[in-house]
Structures are given as C-alpha cells and as structure tokens.
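Reading through the structure tokens given below for one structure.
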Amino acid sequence: MKNQQLFGLTLGELSELCVEYETKSFTSKQIATWMYKSRVFDISQMSNLPKFFRERLKADFPKLIQPYASVSISKDGTKKYLFEYSGNRRVETAVIPGTDRLTVCVSSQAGCRFGCRFCATGMNGFHGQLTAGEILNQIMAIDEHDKITNIVYMGMGEPLDNAEEVIKSIEILTAPWGCEMSASRITVSTIGIEDKLKDLIEKTRVNIAISLHSPFTEERALLMPIEKSRPIAELLKNISSLDLPRHRKFSFEYILFKGLNQSKAHAKKVGELALRYNARVNIIPFNPIPGLDLEAPSEKDVLAFQEDLTQRGVIATIRKSRGRDILAACGLLAGKK
Ligand code: SAH
Ligand code: SF4
C-alpha cells in the first residue's frame with residue numbers, strides 16, 4: 001500500500017488494506033467514517049482504532065489531505081483555489097455562492113488533452129491525471145468544505161478521460177459509508193466519450209451535461225476536435241435507449257459565440273435535439289480568451305436564443321458568468337501560478 005493515498009480509498013479498498021494490516025475488517029468502515037463523514041484527517045485522532053494500528057497507519061500515511069497553495073476571491077464572491085499536486089500537476093477549483101446553494105466546481109485532470117478551441121484549459125495542454133483522492137481533496141481541503149451543497153465536475157479536464165477515478169470519487173461522495181451526498185446534487189460535464197459515458201450512467205445517478213456547442217457536425221468539429229473521431233449525433237443515438245432523464249437531469253451545454261452559433265437554424269436544430277433526447281439546454285455566454293477570434297454574444301442575443309428555445313418547448317437556462325475577474329469562470333481555469 002506504499003505510494004497509495006489513504007484518503008480517496010473506497011470501502012472495498014479500505015477492507016483490502018485492513019487485510020494487509022491484519023486488522024479486523026470492520027475497521028475499514030471506521031476509517032471511512034472518520035475521513036468522509038467526520039472529516040478528521042489526523043489519524044491519531046481516530047480514537048476508536050486500536051493504538052498500534054493508528055501508529056502504523058500514521059507512519060505509512062503521514063498526510064491525508066493536502067492544503068491549498070493559494071486562493072483568490074472575485075468581486076462577485078466566487079473563490080478560486082489552487083492545488084499543487086506532485087509531478088507539477090496544478091489544478092484549480094472554483095467555489096460559487098448562490099442564493100440558496102454553494103457550488104464547488106472541481107477539476108478531474110491537470111490540464112486536458114482535447115484541445116477545444118475556446119478553452120484555456122485545453123490550450124495549456126495536459127499535465128497528468130488525478131486520483132479519486134486528489135479530486136475529493138479539492139472539496140475537503142477548502143475553507144467552505146462543510147457548507148457545500150452542489151458539486152459540478154466542470155473544472156479543468158475531461159472527466160471521462162479519467163473515468164475510473166471520477167466514478168470512484170462519486171462513489172465516495174454518495175455512498176452510505178461515505179459522504180452520503182445525494183447524486184442529484186452532483187453534475188458531470190463531458191464532451192462525450194461513449195463507452196465511458198455508459199459506465200458513468202450505469203454506475204452512478206449523477207446529472208449529466210453534454211457539451212454540445214454546435215448541432216452541426218462540421219461546425220462542432222471546428223470548435224471541438226473530438227467531433228471528428230466521435231460524432232456527438234452517434235453518441236446521442238447510442239445512449240438514448242438508456243432513458244437517461246428518468247433518473248437524473250440530462251442537459252446540453254451550449255456556449256453561445258457571437259455570430260457563430262446563434263442563428264435561427266441553430267436554435268431550431270438544438271431545439272429538435274433537446275426534445276428528441278429529453279434534454280434541457282444550458283446556454284453559456286462565451287467567456288472570451290485573449291488572442292482568439294471568437295467573441296462573446298450580447299446579452300440581447302443570449303436572451304433571444306433562450307426565448308427561441310423556450311418557444312419550441314425546451315427548458316433553456318442561462319449560466320451566469322461568475323468569477324471572470326480572477327479567471328475562475330467556465331473555460332478560464334488554467335492552473336497557472
Ligand atoms: N471537459 C468537460 C468539462 C470541463 S469544461 C467539458 O468540456 O464538458 C466545463 C464547461 O465549460 C464545458 O461545457 C465547456 O465547454 C465550457 N467552456 C470551456 N471554455 C469556455 C469558455 N471560454 N467560455 C464559456 N464556457 C467554456
Ligand atoms: Fe478539455 Fe472540456 Fe476544455 Fe474541451 S472544454 S479542452 S474537453 S476541458
């Protein structure tokens with residue numbers, strides 16, 4: 001178990017650890033309770049574990065969670081934390097206060113290898129995967145860890161390019177032996193990797209948001225290179241039999257770019273897809289990145305696009321841009337110092 005982190009192990013993995021340490025198997029549940037429910041990260045304080053076992057564990061796992069390296073606060077109240085994980089893997093985590101909720105936006109990878117044209121994370125390349133523990137660390141090591149109501153996997157990286165660790169982190173968040181959070185308060189955003197998406201759908205009950213951004217394949221391919229090898233139309237057809245929305249919220253994310261994907265023809269096609277697949281549409285006004293030939297839409301255009309979808313019977317919402325001044329808004333996280 002050397003080189004492994006204790007924090008981020010599932011109950012099954014903790015049980016294996018207990019076998020390795022030749023200690024009673026119910027101890028695994030006690031450790032899970034300390035870490036995930038009581039949020040005690042000092043092994044010496046896990047008072048119901050046998051003393052000799054605590055000492056051995058502490059020697060093998062001296063540090064359970066890693067503190068953040070820095071934090072910035074936006075004028076709109078959004079906070080951005082930076083974590084510096086080993087091997088030069090820097091990740092950022094955003095905390096977004098709302099009227100009746102506090103949402104944390106976690107990163108699933110250090111960087112991203114999909115290179116979408118509009119995204120600062122993609123532009124900065126890929127710097128490594130995160131373990132389930134490193135994903136959860138972003139939730140547990142922040143100042144407001146005990147006030148979080150919602151979790152979105154919308155920070156740096158493509159969650160389904162790290163599906164196993166992402167699914168493990170969701171298991172820990174939602175399991176009765178873990179944080180016992182309702183899956184309905186968790187949303188995973190993805191560009192769509194079919195086999196991994198099926199895994200996520202089968203193994204969890206989280207809400208799913210698919211980054212659509214254009215309903216037309218040539219145009220989507222210009223924005224998102226993945227469209228060339230994995231067309232979204234095919235993915236939607238292939239997962240439609242899973243009857244997604246019956247168990248969870250299913251939505252399309254649609255970044256609106258000025259003069260590019262905001263026409264009536266776009267709204268018509270997006271509307272058709274949304275109705276066919278029973279999805280809501282979450283419109284995200286583009287957060288501009290210097291040097292790119294893509295522009296943000298006007299507020300009027302955003303409202304008009306929403307209205308057009310609403311008229312077609314689609315539930316369409318607008319994502320407010322938060323934390324832009326500290327580069328914490330959608331697509332701006334780059335993990336830079
Ligand atoms: N890799 C996943 C999740 C991380 S990105 C995905 O792409 O879905 C989370 C959301 O932010 C996605 O919908 C993404 O398209 C959007 N996004 C990326 N760059 C953006 C930008 N510059 N402005 C607005 N939204 C952006
Ligand atoms: Fe990666 Fe998502 Fe950014 Fe595309 S939008 S580069 S998939 S993080």
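The structure presented is a predicted model; accordingly, all values stated were derived computationally and were not measured. Reckoned from all heavy atoms, side chains included, excluding hydrogens, waters and symmetry mates. Just follow the structure's listing: the first ligand is 1, and inside any ligand the first atom is 1.
- One finds a salt bridge joining D293 and R117 here, because a Lys/Arg side-chain nitrogen approaches an Asp/Glu carboxylate oxygen to under 4.0 Å.
- Ion pair K203/E171 not flagged as a salt bridge, since none of the NZ, NE, NH1 or NH2 atoms sits closer than 4.0 Å to an Asp/Glu carboxylate oxygen.
- Of the N and O atoms on the side chains of E253 and S189, at least one donor lies less than 3.5 Å from an acceptor on the other residue.
- Using a 4.0 Å cut-off between a side-chain N of Lys or Arg and a carboxylate O of Asp or Glu, D76 and R324 do not qualify as a salt bridge.
- For the residue pair E307 and Q311, a side-chain donor N or O sits within less than 3.5 Å of a side-chain acceptor on the partner.
- Counting only heavy atoms of the protein, atom 18 (C) of ligand 1 lies nearest to G331 CA, 3.4 Å.
- Remark: R113 engages D161 in a salt bridge, criterion side-chain N to carboxylate O under 4.0 Å.
- Distances from ligand 1 to the non-hydrogen atoms of G157 include at least one value under 4.0 Å.
- Salt bridge R312/E272: absent, no basic N to carboxylate O contact under 4.0 Å.
- Residue contacts with ligand 2 for C112 involve side-chain atoms from C-beta outward but no N, CA, C or O (heavy atoms, distance under 4.0 Å).
- Linking Ile, Leu, Val, Met, Phe, Trp and Tyr whenever their side-chain heavy atoms come within less than 4.5 Å leaves L222 and I226 in two separate clusters.
- For I284, every heavy-atom contact with ligand 1 shorter than 4.0 Å involves the side chain, none the backbone.
- From the protein, the heavy atom lying nearest to atom 13 (O) of ligand 1 is S211 OG, 2.9 Å.
- When non-hydrogen atoms are compared, ligand 1 lies under 4.0 Å from the side chain of E253 (C-beta onward) but not from its backbone.
- In the model, E92 has no side-chain atom that pairs as donor or acceptor with a side-chain atom of S107 under 3.5 Å.
- Considering each of G122, G157, C116, the one bringing a non-hydrogen atom nearest atom 8 (S) of ligand 2 is G157.
- For ligand 1, the atoms sitting less than 4.0 Å from at least one non-hydrogen atom of C119 are 18 (C), 19 (N), numbered in the order shown with element in parentheses.
- The proximity of S189 to ligand 1, defined as any non-hydrogen pair under 4.0 Å, involves the side chain as well as the backbone.
- Those atoms of ligand 2 that come under 4.0 Å of a heavy atom in F118, given as number and element, are 5 (S).
- Using a 4.0 Å cut-off between a side-chain N of Lys or Arg and a carboxylate O of Asp or Glu, K258 and D301 do not qualify as a salt bridge.
- Considering both main-chain and side-chain atoms, F118 comes within under 3.5 Å of ligand 1 through a nitrogen or oxygen pair.
- With respect to atom 3 (Fe) of ligand 2, the closest heavy atom belonging to the protein is C119 SG, 2.4 Å.
- Ligand-side atoms of ligand 1 in range of G155: 4 (C), range being under 4.0 angstrom from any heavy atom.
- For atom 21 (C) of ligand 1, the nearest protein heavy atom (residue, atom name, distance) is C330 O, 3.3 Å.
- Put simply, no part of A120 is less than 4.0 Å from ligand 1, judged by heavy atoms.
- Ring centroid separation for the pair Y36 and F7 comes in under the 6.0 Å cut-off.
- Distances below 4.0 Å separate heavy atoms of T190 from the following atoms of ligand 1: 8 (O).
- The single protein non-hydrogen atom nearest to atom 17 (N) of ligand 1 is I255 CD1, 3.6 Å, given as residue, atom name and distance.
- Checked by distance only, ligand 1 and Y153 stay at 3.5 Å or farther apart across all their nitrogen or oxygen atoms.
- Closest to atom 5 (S) of ligand 1, if we only count protein heavy atoms, is M154 O, 4.0 Å.
- Close to ligand 1: H213, with a non-hydrogen atom less than 4.0 angstrom away.
- Interface of I191 with ligand 1, defined as ligand atoms under 4.0 Å from a residue heavy atom, comprises 7 (O), 8 (O).
- A single hydrophobic cluster is seen to contain both I318 and L260, as judged by linkage of ILVMFWY side chains at heavy-atom distances under 4.5 Å, directly or through other members.
- If you look at Y277 and F250, their ring centroids are not closer than 6.0 Å.
- Among the candidates F257, F216, F305, the single residue satisfying the ring pair (Phe, Tyr, Trp, His ring centres under 6.0 Å) test with H266 is F216.
- Here the protein heavy atom with the shortest distance to atom 23 (N) of ligand 1 is N287 N, 3.0 Å.
- Residue I191 has at least one heavy-atom neighbour below 4.0 Å for each of these atoms of ligand 2: 7 (S).
- Residue I210 does not touch ligand 1, judged by heavy-atom distances below 4.0 Å.
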